[in-house]
Every structure is written in structure tokens, then in C-alpha cells.
Amino acid sequence: MPKVFRLVFSIVNAVIIIGLIAIHFVVKEHTFQSSLLYYTFPLPVIISIILVLSIFLSKRFRKFNLLLSAILLAVWLSRSFKVNFTKDGGEHDLEVVFWNTSHEKGFKDVFEETESVPDVIVLVEYKGNNLEEVKAKYPSYHFYKHPSKEIGIFSKDKIIIRNTTLRNFSSYVIHFETFGLDFYAVDIAGSIDVPRKWGVDVIEEALTDYNNAVLMGDFNMPFESKYLKPIKQNFNHAFNEKGNGFRETWFWNIPLLSLDHIWVSRDLEILKTEKISTWKSDHAILRTTLNKP
């Protein structure tokens, strides 16, 4: 490779790396446009780009790329890979599941993937597939399918719909009660023309109390998002507290972004949280076991 070309590529390499680092650690969600770049370039993607660029560099500059990749990998692992002591739930504890079904799957698939019948299930991007079949198989349990939104709720106890907060930019929160707890089923719009802050505003409007409550859904925001700060102040993140492994739930079993979350009010005890990887959706399943109040 000619020296001039190597020099030019080294400069391009440096500019790209500086730009990516600035997007992720400095600019982040400062503006709506920068937030889109921030979501597009999570650390695993940045690390991959730096490693690919290193292939075309001289040994001298390649060492820099490899060292930087190792540092970023350490940062990513410290953030995303969790190790916690957990407790197995008993028959009187509550097993809660959330899943973005990607429009194609339903409750039947949850039972198969979890190898159980959880106490409470919330599905988003759910079209009602196999709903009548599942209802017939479990006649003593309770089901709810929103008439216009792609959301489904299952519970072994009675489901009381308290409120539905909708916005015309496709973010919504359904507040329901079951097992004596307040649940909030969340689906925040992931469109590139809709600020995520609007979705958090919908959640804050829907919340009636910060106790005895569980928020679960597709927030379309990584855990690091500044917009989740109000929720972090009042709720515990179920996977951070009692999960093991990578927190990220998207994309197709590759841990790129933690878009799906279960948040539990601080007065409730989280016993265990699991991420169940599956090829039936581009989102993983989240399962949390709570100590019943």
C-alpha cells in the first residue's frame, strides 16, 4: 500500500474514531438528531467498526485501534454484563414476563419459551395470534387484547384496566391492576421522527404512584438514556438488580441495545430476573420473579 494512501487512511481512521467516541460519550442525546446517532452506534457497533478499520492500517496505527477496542470492550462489559446473587421464587411469589413479539408470536410461544405459565404476561407488537386457542386451553385464566393497539395482557388473576394513555405518535401506556399490584404496560414509539422524550412524558402522565408498581415494556431507549432518569429515581431496574449476563435485549440475540425493560418500585423485592433468548423475535424475553407483598 502506498505511503500516501496509508497516511490518508490513517487520518480518515482517526476522524471516524473521534466522531464515534464523541457521539457516544459527549454529544449523546443533546439534540434529537444526535440522539438518533447515539442509538445507531452503541458500543458493540463502535468496537466492530474500529476493528474493521484496523485491518487496513499499518502495524503502528493498528496497535492503537486494538488498544482502544480493548478499552471500549472493558467499558461495555462493566456497563452491560451483570453478575448478581438471585433467589428462586416459591409458589406464592409472582412470575412476570414481558416480550416484544415482533407481530408474529403470542402467548402460546411465551409458554413454550419460558417452559412455564407465568403469573402475568405483557406482550407488545402483538396481533392476537392464537388468542382464542389459548383462551380455550386456559379457561380459568384472564386475557386482555387492546381493540386497536398491538398489546396483550395475560394474568392468572383478574385483570382490571385502570387507564389507557395514548398519543397520536404511537406511544402508549396501559395501566392495569392484577394480584393487588399496579402494572404499566409500555410501548414507546421507535420511529426516527419521534423524540423518545415524548414517550417518557406519556409514562410520567400515566403513573399514579411510585409504590406497589411494575413498569414493563419496549421503551426503545437503552438503559443509559438520560430520558429514563425520572424512572431510575423511583424504580429499580429488574435486570440490573437480579439479572445475570448481558442486559441488552435486542437485536436477534446479539446484545446491542437494552430496549426492553422491567422496572419495579422500590417497595417490592426482586428475587430473580432472566433474559430468555429466542429466534422467534428480534427481541429477547424478560422474566422477573417478585416477592408477593
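Heavy atoms only: backbone and side chains are in, while hydrogens, waters and symmetry mates are out.
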**OP:** Return each pair, listed once, that meets salt bridge (Lys or Arg N to Asp or Glu O under 4.0 Å) where at least one residue sits in residues 246-267; pairs must be two or more places apart or across chains.
**Re:** E224-R247

Subject >> Residues E112, K280: salt bridge by 4.0 Å N-O rule >> reply: yes

**OP:** Name all residues meeting the salt bridge (charged side-chain N to carboxylate O under 4.0 Å, His left out) criterion together with K137; count only those two or more places apart in sequence or in a different chain, and write none if there are none.
**Re:** none

Please list, one pair per line, the donor and acceptor atoms closer than 3.5 Å that link side chains of residues 36-44 to other protein atoms, with sequence neighbours excluded.
{"unit_1": "Y39", "atom_1": "OH", "unit_2": "E29", "atom_2": "OE2", "d": "2.6"}
{"unit_1": "T40", "atom_1": "OG1", "unit_2": "L36", "atom_2": "O", "d": "2.6"}

**OP:** Not counting sequence neighbours, which residues clear salt bridge (charged side-chain N to carboxylate O under 4.0 Å, His left out) with R62? List them please.
**Re:** none

**OP:** Report the residues that fulfil ring pair (Phe, Tyr, Trp, His ring centres under 6.0 Å) with F169, sequence neighbours left out, ordered by chain and then residue number.
**Re:** W198

Subject >> Those residues that, when tested against D119, pass salt bridge (charged side-chain N to carboxylate O under 4.0 Å, His left out) (two or more places apart) >> reply: K156

Original post:
Between F223 and K232, is there a cation-pi geometry (under 6.0 Å to ring centre, at most 45° from the normal)?
Top reply: yes

Original post:
Residues two or more places apart in sequence or in another chain: which of them pass side-chain contact (heavy atoms from CB on, under 4.5 Å) with D282?
Top reply: S102, W250, F251, W252

Original post:
How about P118 and V96: do any of their side-chain heavy atoms sit closer than 4.5 Å?
Top reply: no

Original post:
Less than 4.5 Å apart, any side-chain heavy atom of V202 and any of E205?
Top reply: no

**OP:** With sequence neighbours excluded, tell me which residues meet side-chain contact (heavy atoms from CB on, under 4.5 Å) with I11.
**Re:** L7, V15

Subject >> Listed partners of R287 passing salt bridge (charged side-chain N to carboxylate O under 4.0 Å, His left out), at least two apart >> reply: E95, E274

Original post:
Transitive ILVMFWY cluster of L271 at side-chain heavy atoms under 4.5 Å: who else is in it?
Top reply: none

**OP:** State which residues pass side-chain contact (heavy atoms from CB on, under 4.5 Å) with T164; sequence neighbours excluded, sorted by chain then number.
**Re:** H146, I161, L166, I174

Original post:
Is there any ring pair (Phe, Tyr, Trp, His ring centres under 6.0 Å) pair reaching into residues 103-136, and which pairs are they, with sequence neighbours excluded?
Top reply: F107-Y126, F107-F143, F111-Y138, F111-F154

